[in-house]
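Take a look at the structure below.
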Amino acid sequence: MSKKEGKVGFTLIELLVVIAVIALLMAILIPSLAVAKERARRVVCSKNVNQFIIGCLTYAEDNDEDLPSGMSDRGEDEHTPIMSRETRDAMIEILGTHEVLMCPWLSKPFDNDDGWYHDEYGNYGYVIGYNYLGGHGGTPWSVTAPATEKWKSPQFNTDSGSMLLVVELNTWTTSTNQIFAPHGKRGPINQYCEGNGNNQTPRAVGAAGGNIGLLDGSVSWRKVEEMKVYRSSRRHGSQGCFSLW
């Protein structure tokens, strides 16, 4: 007569060991997956930047080689992340969508289907998801702290192909305390946050860098450690907008 076998189960110690192993595997794998996901985001953004450039060059072909205007709806009160309604409409007509005008990982208030029209302090125009450096007047703008560098705006599609045309939005405003940083080291960080704009920069909140696009259509990734500070507002001095690229 055979002896009936009893049910076999986990002991408490064995269960704890299994849980510990699973936790260890998750601790190893999750950061790796986050890094891979962020790399994929950067590729998508680089393609958007390239399409943005193509849109600008297409516009220039139809407008006597003039690149799209960098003016805001308030004229020479310019900010590199802001496009006038007329310019944005023209770019959307060429590109077929407004989504190419921003990094898709930017959150509120960029998530408005109609775009983010900046009218809190006057009708300036649309805040796009990049710094558009073409078609701006009066450059190089004077250096105002915390900016340390000057930049020159390309005006025509025949200008030097090595000139910067569009860069990602590693940008902050000292007056409204807004910070934009689309790419952290392991994924998007808080892209729209409140902080002390005079002390907090994208670098300080964990930005890893961003894609930069040249007039010749080339796009490359630049680490935040290699970026310098530039002035992104024409008229507002130390109370304006500043960017890293």
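Model, not experiment: these values are computed from the prediction. Just the heavy atoms: all of them, side chains too, but no hydrogens, waters or symmetry mates, feed the values below.
- The other residues sharing a hydrophobic cluster with Ile94 are Tyr59, where clustering joins ILVMFWY side chains under 4.5 Å apart.
- No side-chain heavy atom of Ile128 sits less than 4.5 Å from a side-chain heavy atom of Met102.
- Under 4.0 Å is where a charged nitrogen must lie from a carboxylate oxygen, and between Glu38 and Arg41 at least one such pair does.
- More than 12 heavy atoms of other shown residues, nucleotides or ligands fall within 6.0 angstrom of atom CD in Glu225.
- In terms of modelled atom types and a separation under 3.5 Å, the side chain of Arg203 and the main chain of Val224 share a donor-acceptor contact.
- Across Ile53 and Leu214, no two heavy atoms sit closer than the pair CD1-O, 3.3 Å.
- Looking at Cys56 and Met91, their side chains come closer than 4.5 Å, going by heavy atoms from C-beta outward.
- With a 4.5 Å cut-off between side-chain heavy atoms of Ile, Leu, Val, Met, Phe, Trp and Tyr, the cluster of Tyr126 takes in Tyr117.
- Using a 4.5 Å cut-off on side-chain heavy atoms (C-beta onward), Leu165 and Tyr132 make contact.
- Contact annotation: the side chain of Leu95 approaches that of Leu101 to within less than 4.5 Å [non-hydrogen atoms, C-beta and beyond].
- Side-chain N or O atoms of Ser153 include one that pairs as donor or acceptor with a backbone N or O of Leu133 at under 3.5 Å.
- Hydrophobic clustering (side-chain heavy atoms under 4.5 Å, transitive across Ile, Leu, Val, Met, Phe, Trp, Tyr) keeps Leu106 apart from Phe52.
- Here the CD atom belonging to Glu61 is positioned 7.0 Å from the CG atom belonging to Asn157, to the nearest 0.5 angstrom.
- For Thr144 (side chain) and Ser238 (main-chain N/O), no donor-acceptor pair under 3.5 Å exists by modelled atom type.
- Looking at heavy atoms from C-beta onward, Arg234 lies out of side-chain contact with His136 at the 4.5 angstrom threshold.
- A continuous path of Ile, Leu, Val, Met, Phe, Trp and Tyr side chains, each step under 4.5 Å between heavy atoms, connects Val100 with Val49, placing both in one hydrophobic cluster.
- Contact between Arg88 and Gly115 at its shortest, heavy atoms only, is NH2-CA, 3.7 Å.
- Of the possible polar contacts, none joining the Asn63 side chain to the Pro68 backbone as a donor-acceptor pair under 3.5 Å is found.
- The two residues Gly129 and Leu169 make their nearest non-hydrogen contact at O-CB, 3.5 Å.
- Side chains of Trp172 and Gln178 form no contact here, defined as non-hydrogen atoms less than 4.5 Å apart.
- Between Ser243 and Val167 there is no side-chain heavy-atom pair separated by less than 4.5 Å.
- Distance check: Lys223 NZ to His183 NE2 gives 15.5 Å after rounding to the nearest 0.5 Å.
- No donor-acceptor distance shorter than 3.5 angstrom exists from the side chain of Asp66 to the backbone of Gln155, with no hydrogens or angles considered.
- The minimum heavy-atom distance between Asn131 and Pro81, with the atom names listed, is OD1-CG, 3.3 Å.
- Distance check: Glu78 CD to Met83 CE gives 12.0 Å after rounding to the nearest 0.5 Å.
- Residues Ser160 and Leu215 have side chains not in contact (no heavy-atom distance under 4.5 Å, counting atoms from C-beta outward).
- Distance alone, capped at 3.5 Å, is enough to place a donor-acceptor pair between the Thr58 side chain and the Ile54 backbone.
- Under a hydrophobic-cluster definition in which Ile, Leu, Val, Met, Phe, Trp and Tyr are linked whenever side-chain heavy atoms come within less than 4.5 Å, directly or via other members, Met227 and Ile179 are assigned to the same cluster.
- At distances below 3.5 Å, at least one donor-acceptor pair connects side-chain atoms of Asp159 with backbone N or O atoms of Phe156.
- By the neighbour-count criterion of 12 heavy atoms within 6.0 Å, atom CG of Asp64 is sparsely surrounded, having that number or fewer from other residues, nucleotides or ligands.
- A distance-only check finds no donor-acceptor pair linking the side chain of Glu168 to the backbone of Ile212 [under 3.5 Å].
- Taking the centre and axis of the six-membered ring of Trp245, the NZ or CZ atom of Arg222 falls outside the cone set by 45° and 6.0 Å.
- Heavy-atom minimum distance, Asn170 versus Pro182: OD1-CD, 3.8 Å.
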| task | May I have the step-by-step check of side-chain contact (heavy atoms from CB on, under 4.5 Å) for Trp141 and Lys152, ending in yes or no? | result | CA-CA 8 Å; Trp141 298 339; Lys152 183 70 175 175; over 6 Å; no

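- Rounded to the nearest 0.5 angstrom, Asn112 CG and His98 NE2 are separated by 8.0 Å.
- Legend: residues meeting ring-ring contact (aromatic ring centres under 6.0 Å, His included) with His236, ordered by chain and number and at least two apart, are His79.
- Ring-plane geometry between Trp116 and Phe180 is classed as tilted, the angle between the planes lying from 30 to 60 degrees on a 0 to 90 degree scale.
- Remark: the backbone N or O of Cys241 is paired with a side-chain donor or acceptor of Ser233 at under 3.5 angstrom.
- Judged by distance alone, the side chain of Asn48 and the main-chain N or O of Pro104 form no donor-acceptor pair under 3.5 Å.
- Glu86 CD: 12 or fewer foreign heavy atoms inside a 6.0 Å radius.
- The two residues Pro154 and Met163 have their closest heavy-atom pair at N-CE, 3.6 Å.
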| Can Ile92 and Thr97 be said to form a side-chain contact (heavy atoms from CB on, under 4.5 Å), step by step? | CA-CA 5 Å; Ile92 291 174; Thr97 175; 6.0 Å; no

| request: Give the intermediate values and the outcome of side-chain contact (heavy atoms from CB on, under 4.5 Å) for residues Phe242 and Thr171. | output: CA-CA 6 Å; Phe242 295 87; Thr171 299; over 6 Å; no

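- Judged by distance alone, the side chains of Thr80 and Ser232 do bring a donor and an acceptor atom under 3.5 Å apart.
- Tyr124 and Asp119 share no donor-acceptor pair across their side chains, judged by distance under 3.5 Å alone.
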